[in-house]
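Please read the structure below before turning to the comments.
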Amino acid sequence: MTNSDQFPWQRLLQQAEGLLSVSSNRISNAANLSALLYQELTDVSWVGFYFLDGETLMLGPFQGKPACVSIELGKGVCGTAAVSGKTIRVADVETFDGHIACDAAARSEIVVPLFKRGELIGVLDVDSTFLDRFGAEDEAGLNALAQVYLSSVE
């Protein structure tokens, strides 16, 4: 159910660069990027950030239904992406061993780990109520947006 072939990632990258250029605050920029992605991406049910606090990912700015407040490193898609350091795309969350169902309606998910100066600071998480919502172009676009975000923060 991905419509990434028609989605103008370049336009979204330019919007994000402009939006995030006015601040270097990690929370403010995460809030604005979450809102931008939630507004512009089709068929997404949740977009947000979890930030590393000790050995736990803690809920940051997001758009969508209320979410899990904390996720242990190595647990669920977010915790697994954080530990592996690699973007994880899950076509059907029911098939992901250890998936944490913060929203029972979520069917697919993509999580981008965020590293600043080689250190994990958190993850960008996007969910959809559609199976197999996220394709390779979505992954590349979200990875590029994550870099825009990371470049914008202190």
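Note: hydrogens, waters and symmetry copies are ignored here, and every other heavy atom, side chains too, is used.
With hydrophobic clusters built from ILVMFWY side chains whose heavy atoms lie under 4.5 angstrom apart, Val111 shares a cluster with Ile71. Hydrophobic clustering of Ile, Leu, Val, Met, Phe, Trp and Tyr side chains at less than 4.5 Å, counting indirect connections, unites Leu20 with Ile27. Note on Val112: it does not cluster hydrophobically with Phe96, by side-chain heavy-atom contacts below 4.5 Å among ILVMFWY residues. Grouping the Ile, Leu, Val, Met, Phe, Trp and Tyr side chains by contacts below 4.5 angstrom, directly or via other members, places Val90 apart from Leu142.
Scored by the side-chain hydrogen bond (donor to acceptor under 3.5 Å, both in side chains) test, Gln39 finds no partners at all (sequence neighbours excluded).
The minimum heavy-atom distance linking Ala82 with Leu57 is given by the pair CB-CD1, 4.1 Å. Minimum heavy-atom separation, Pro113 to Phe115: CB-CE1, 3.7 Å. Closest approach of Cys78 and Val123 over heavy atoms only: O-CG1, 3.8 Å.
Applying the side-chain hydrogen bond (donor to acceptor under 3.5 Å, both in side chains) rule to pairs touching residues 114-131 yields nothing, sequence neighbours excluded. For residues 74-87, the side-chain hydrogen bond (donor to acceptor under 3.5 Å, both in side chains) pairs, not counting sequence neighbours, are Thr87-Asn143. Residue pairs meeting the side-chain hydrogen bond (donor to acceptor under 3.5 Å, both in side chains) criterion with at least one member in residues 50-74, sequence neighbours excluded, do not occur.
Two residues are said to be in side-chain contact when any heavy atoms from C-beta on lie closer than 4.5 Å; Val126 and Phe134 meet this criterion. Residues Asp132 and Arg107 have side chains not in contact (no heavy-atom distance under 4.5 Å, counting atoms from C-beta outward). Using a 4.5 Å heavy-atom cutoff, the side chains of Leu59 and Phe49 are not in contact. At least one side-chain heavy atom of Phe51 sits less than 4.5 Å from a side-chain heavy atom of Pro61. Within the 4.5 Å cutoff, side-chain heavy atoms of Leu12 are placed close to those of Leu145. Counting heavy atoms from C-beta outward, Phe62 and Trp46 have side chains that approach closer than 4.5 Å. Using a 4.5 Å cut-off on side-chain heavy atoms (C-beta onward), Leu131 and Ser108 make no contact.
Under a 4.0 Å N-O distance rule, the pair Glu109/Arg89 does not qualify as a salt bridge.
Proximity of a side-chain donor or acceptor of Ser28 to a complementary backbone N or O of Asn25 within less than 3.5 Å is not detected.
Interatomic distance, CD of Glu139 versus CD1 of Ile88, reported as 10.0 Å (0.5 Å rounding). Between atom CG of residue Leu33 and atom CG of residue Leu124 there is a gap of 6.5 Å, rounded to the nearest 0.5 Å. Atom CD of Gln15 and atom CG of Leu13 lie 9.5 Å apart (nearest 0.5 Å). Asn32 contributes atom CG, which lies 11.0 Å from atom CG of Leu37 (distance to the nearest 0.5 angstrom).
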Check against side-chain contact (heavy atoms from CB on, under 4.5 Å), Leu73 and Leu52: CA-CA 9 Å; Leu73 288 178; Leu52 187 63; 3.9 Å; yes
Val83/Leu120 under side-chain contact (heavy atoms from CB on, under 4.5 Å): CA gap, chis, key distance, verdict: CA-CA 9 Å; Val83 169; Leu120 177 71; over 6 Å; no
Please tabulate, for side-chain N and O atoms in residues 146-154, each donor-acceptor pair with protein atoms closer than 3.5 Å (sequence neighbours left out).
from, atom 1, to, atom 2, distance (Å)
Tyr149, OH, Arg26, O, 2.9
Ser151, OG, Gln147, O, 2.9
Ser152, OG, Asn29, ND2, 2.9
Ser152, OG, Tyr149, O, 2.6
Glu154, OE2, Ser24, OG, 3.0

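The other residues sharing a hydrophobic cluster with Met58 are Val69, where clustering joins ILVMFWY side chains under 4.5 Å apart.
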